[in-house]
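A note on names: the letters A, B, ... follow the listed sequences, proteins ahead of strands, and every chain is numbered from 1.
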Amino acid sequence: MQFSSRRKKFTTNSQTELYSHPLLFYVQPPLENISLMEFETFAVERLKLLKTIENLGVSYVKVSDQYIKKLEAESKALNFLYRPEADDRKPQSGPTEQEKRRKDHISHFILRLAYCQTEDLRRWFIQQEVDLFRYRFNALYPKQKLEFLHRNNLQYDTISVEEKKALHDKLVNSSYAVSGITVEDQDFYKVPFQDALDLVRSRKVYLKAGYVYIPHQEIVTIVLNDFRTRLSKALALTARSLPAVHSDERLQPLLNHLSHAYVGQDYSIQKNVGKISLEQIDSLSGKSFPLCMRQVHQSLRENHHLRHGGRMQYGLFLKGIGLSLEQALQFWRSEFIKGKVDADKFDKAYAYSVRHMFGKEGKRTDYTPYSCMKVILSNAPSQGDHHGCPFRHSDPELLKQKLQVYKVSPSGIIQILELVKGMHYQLACQKYFELTHNVEEASFSLNHPNQYFIESQKVLGGGRDIKRETDAPQKPQENSTKAPIAAPEAAANTQDVAEMTEELDSFFQDA
Amino acid sequence: MPASDYDSACLPDILPLYYRRLFPFSQYYRWLNYGGVQKNYFQNREFSFTLKDDIYVRYQSFTTQNELEKEMQKINPYKIDIGAIYSHRPNQHNTVKSGTFQALEKELVFDIDMTDYDDVRSCCSAAEICPKCWTLMTIAIRVLDRALRDDFGFQHLLWVYSGRRGVHCWVCDEAARKLSVAARSAVAEYLSLVKGGDETMKKVVLSDPIHPFIRESLVLVERYFPLYALQDQDILGRKESVDKVLALTPEDVRKQLQQDFQNEKKPENRWNLLKDQAKRKQGTSKKGQHFEKEIMLQYCYPRLDVNVSKGVNHLLKSPFSVHPKTGRISVPIDLKELETFDPFAVPTISMICEELDRPRTVEEEEKSEETNDKENEKDAAESRKIRDYKRTSLAKYVKCFDQFLDVMSRSWKGELLKKSDLQKDF
C-alpha cells in the first residue's frame, strides 16, 4: 500500500472502472488520499465484520441459509456490500454501491497492514477474509461469476467430453450437486489436488491419480484457493514493507490496536497463580468446570493417564485458572504414578511437556489456554481420547446420559440437545451453565472454557471471589492507554477521535 | 530360534555389533540422499536418537554417509527417528536466528497403531498383538496403499513394520515430500473414516451417494471381513460383542435382530440376517440405510494417527531401527507377500547377531572367495559388511528395500537428466 508519492495520479475515472464489479480480488491497492477518520472507521468496521464471520463460522455451517442471512444482515448494518445488485440504482438512503465497494477495498488493505505482522495474525486474517470472499462469491449471479473469472484472468482446465463419459459414474457418486442428467451439460475442471484441499478433505469431489475433478458449481473452491494463496503471499510482502508504515506515528498505534482485537481475552496472564490449591480441584471440577474439562478431569482420575490432546487441553486450562508450574508438575505426577507410569518415567517422558506448556522448554512459547473454537474445531478426539467439546464430540445419547448423571433436569436436557442438534455447541454449553448455576439468562456470551470458570466463580462466590473477575486478563487494554492519534488532519476533530477510540476500546473489550 | 530369546538387558552389548556389521548404511544413505537431486537434502535432514535410559537427542545431522556411520557406531542409539529436511543444518539450529530455522520437506508418513483398535478387537489390548488382530494391519495396508496410489497418484510407498504393534508408511514421491501442512492434513482427512473418541459409539457414518473412494475401500474390507471379524474375532458370537454390533444398527432393526439371533447362533448366518435387514431398509427408508457397511468399516477400516501425518516436522521411527522393547528390527514389508507377513517372524537383533557367529556353509565360503579375488583392498571392508547381512535373516528385508530404491532411482535419474539437459542448453 502506498500512502505517499503516487497517490494523485489516478483519476476518479479509473475508480469507477475499478469498482464496476461487485466483487474485488484486491489485486491493486487503493491509491487515493483518505482522512484518518475514514481510515479508522473503515478498519474498525471491517474488523467487526470479520469478527462476526469468525463467530458465525462456529455456530453455523458456512454455506447454510442462516449463516448467509446473518452475514447479510451484518454486512448491511456495517454498510458493506451485501447483495450483488445488478443495477446501480441510487439507494434511498445510505452510501451508494460504489461507496461501499470503495470502503470494502480500502478497509481490506488497511487490515492487511495490521494483520501481516505475525504468523498467528496472518492465519486468522486469511481465514476470515476467505470466508467473507466465499460468501460473496456464492452470492453472485452466474453471469457475474463468469465475468469475475474473466476480469481477473482466472482460467482453469476443463475435461473433454470423452473423459467425462468414461468417468460418468464416479463423477455422479462423488458429489451431491451432480446427478446423472446434469453431468453432460456442465463443465468439470481438472486441477492438482493440492489446489482444492477443502474438497479433498471432505471428499466432495472425485480424485484420481492426484487430480480432482470439480463440477462447475464448486469452482468457488479453486477461486478461493487462488485467493488464499495470493493473500498469503501479499501479506508476506506487506510484512516486509511494514517498517516504513510503522515510522508513521499516526498509524502505528492504531494498527497495533487493530491487530490485538482478534484474540479477545486469551486468559494466559497469570495473575491468578497460586490462588488455587490442588485439593480444591476435585470440588471445583464439579462446580465450576465446563463439561469438557470436567470430563477430562474425571477420566484422568479414573485412568490415571491422559493422552496428549487431553493433557494439552486440560493442562492449559488449569494453568489459566491459576495453577503454578510447580503445582502442575505435582498434579500430573501424583495422578500418573497411580497408573502405569512410575515417577522416573514421568520425569523423563511427561514432565518436559508440562514445563513446555509453561514456556520453559523448547521455543519457550507461553501457550495460551484453548478457546472453545479451538476445542471444537481442532484436533478432534480419536480412540482413547477424552478431550474435545462434549457437546460437539459426544454421541447425543451419551451426552444425555452424562447430563442426567450431573442432575440436569429432563426439560433442560431437551433444550441442550436441541441446541446441539442445531450445532450451537457454545450455546448448549451456556445453557448448561445457566441450568447448573440457576441463572435465568447468563450475562455473557461463552467462548472460552476459562471464561466459563471465571463466570461460574462469580456466580457461586457472590462477592467473595471478585479478585478473579477483576483479574480477567485484557491484553488489548495495555495498548489502549497509548495516546490517541495526533495528526494535523485529525486535530480539528479531536473530540470525535476520542469518541472513536473509546468506541474502539469498548469494541475490543466485547470482542 | 524363537524371538523370545531377546533380552532387553543385553541391548547395549549387541547394538555395537549391529551397527558395525549389519545396519544397511549404504542403502539407507541411498534412500535419504534421493540421488542428490536437491542440494543438501541429506545434510539438512534431522535424525534423532534415543540413548540408554530414554535420553533423547534431537537435531542430529550429518554431511556424509561416513559421518552418519561413524556417529551411530560411536553412540549406538537404542532407537533412531527420522525428521524433516530443514532450511539449515539441524545440528546448527541454535546458531541461526530463531524463526528462520524451518522444516521444509519430509516424506508424507502414516502411522497405524494397534492400540487405536482396542474397542473393536477382543483378542488383545494395548501393546499386545496376535495373529488374529494382525489382519487389521493387513487391511490397513491394502486400503491405504490403493488409495495413495490410485487416488493421489503416488508411486513410491515404503511400508515398514514398526517393530512392535503397528506399521508405518513412508510416501517418498517428490510431490509428497513437498506437501504443505494443510495438504498433509487434507490427505489424512480424506483417508479417515472412523471418527470420534471414547465418547462416541457410532464412529462411521456414511452419506449418500457413497464416494468412489469408500466403495473401493469397502471392496477390500469385504474381502477380509468374514474370516477376520466373524470367525477370528467372533463379533457375532458372545452376547456382549453382539450387543456392541447391534448398537450400531437402527432401533427397529435392533429389536428384530435380537429376536432373530435367539434362534440363530452361527455368526455367518447372523451376519446374513443383518445384511438382509439392511437390504430391506434400503428399499424403504432413506436414513441409516448403510448400517451394514458402517459396521464393517468401524471394525476393519484403518485408523490413522492424523497428527503424525500432518506435521512436516513430526519424527517417525526409522526403518532398520531396533525396537528396544521387543528387539525386533523395523523392517520393510514386501507387499507381494503381505498376506503371509508375520510380525512374530521378524528377526530380533539378538537373533541376527547370533546368525553372524554361525559357521559359514561351504557354498558361502566359495562365493566369498570368488568375490575376494575380484575386489581390491579398499573395498574389502565394505563388501564384508554386505556379505555379513546376507548371512542373516535380515537379508530378505534389505533386498526388499533395495528393490524399492531401484524403482525410485529411476525417477531421480530422470530428474538428473533433465537438469543436465537444461545446463547444456545454451
Side-chain angles (χ1 to χ4, degrees), chain A residues 119 167 169-176 178-179 192-212 228 295 299 303 307-310 340 344-345 347-349 352 362-364 379-388 390 392-395 397-399 402, chain B residues 53-56 58 98-99 101 113 115-120 126 147-155 173 175-176 178-180 182-203 207-216 247 303-307 310:
Chain A
E119 178 74 38
L167 297 172
D169 288 351
K170 312 257 182 189
L171 294 176
V172 172
N173 282 331
S174 302
S175 177
Y176 303 104
V178 182
S179 70
F193 82 90
Q194 290 94 329
D195 292 344
L197 292 176
D198 285 342
L199 294 177
V200 172
R201 189 189 307 277
S202 51
R203 249 179 261 119
K204 277 196 187 129
V205 282
Y206 179 55
L207 179 57
K208 190 186 160 202
Y211 286 90
V212 288
R228 185 194 299 269
Q295 179 175 298
S299 78
N303 308 322
R307 308 214 321 172
H308 181 256
K340 284 187 197 156
D344 194 41
K345 169 107 194 266
D347 290 341
K348 272 181 197 138
Y352 177 91
K363 61 176 172 182
R364 302 192 172 252
N379 193 21
S382 60
Q383 180 58 39
D385 282 332
H386 295 271
H387 68 269
R392 169 68 183 89
H393 297 118
S394 296
D395 280 344
E397 212 31 54
L398 282 174
L399 179 63
K402 198 165 286 171
Chain B
D53 295 326
D54 287 330
I55 293 166
Y56 202 62
R58 278 200 69 175
S98 76
F101 180 70
D113 194 321
T115 42
D116 290 333
Y117 291 87
D118 275 2
D119 61 327
V120 290
L148 288 168
R149 285 175 200 276
D150 296 357
D151 297 4
F152 289 96
F154 296 130
Q155 292 169 17
D173 295 59
K178 290 188 179 343
L179 287 177
S180 65
R184 284 164 205 259
S185 89
V187 175
E189 293 268 327
Y190 177 90
L191 297 171
S192 300
L193 281 182
V194 185
K195 296 203 168 130
D198 284 4
E199 322 295 328
T200 322
M201 287 209 296
K202 196 165 173 65
K203 296 183 182 172
S207 56
D208 237 10
I210 295 182
H211 192 276
F213 158 74
I214 300 177
R215 283 203 184 279
E216 297 285 341
R303 300 175 173 207
L304 301 174
D305 187 338
V306 177
N307 290 318
K310 236 192 322 203

Which bit of [X] comes within less than 4.5 Å of chain B, counting heavy atoms only: side chain, backbone, both or neither?
X: A:V205; value: backbone
X: A:E397; value: neither
X: A:L398; value: side chain

Given side chains that start at C-beta, do those of [X] and [Y] come closer than 4.5 Å, heavy atoms only?
X: B:D151; Y: A:F193; value: no
X: B:V194; Y: A:Q383; value: no
X: A:R203; Y: B:L193; value: yes

Check each atom of [X] against the heavy atoms of chain A and say whether the ones under 4.5 Å are side chain, backbone, both or neither.
X: B:D116; answer: both
X: B:R215; answer: side chain
X: B:L179; answer: side chain
X: B:I214; answer: side chain
X: B:D53; answer: both

For this session: Quick one: pull up CZ in A:R392 and CD in B:E199 and give me the separation to the nearest 0.5 Å.
Result: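 A:R392 atom CZ to B:E199 atom CD measures 14.0 Å (nearest 0.5 Å).
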Problem set entry | Rounded distance [0.5 Å steps], CG in A:D395 versus NZ in B:K203 |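 The distance works out to 9.0 Å.
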Problem set entry | For chain B, the option from A:L399, A:D385, A:D198 that forms the most heavy-atom pairs under 4.5 Å | A:D385
Exercise. Do A:K170 and B:E216 sit within salt-bridge range, that is, some charged N less than 4.0 Å from a carboxylate O?
Worked result: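 Yes.
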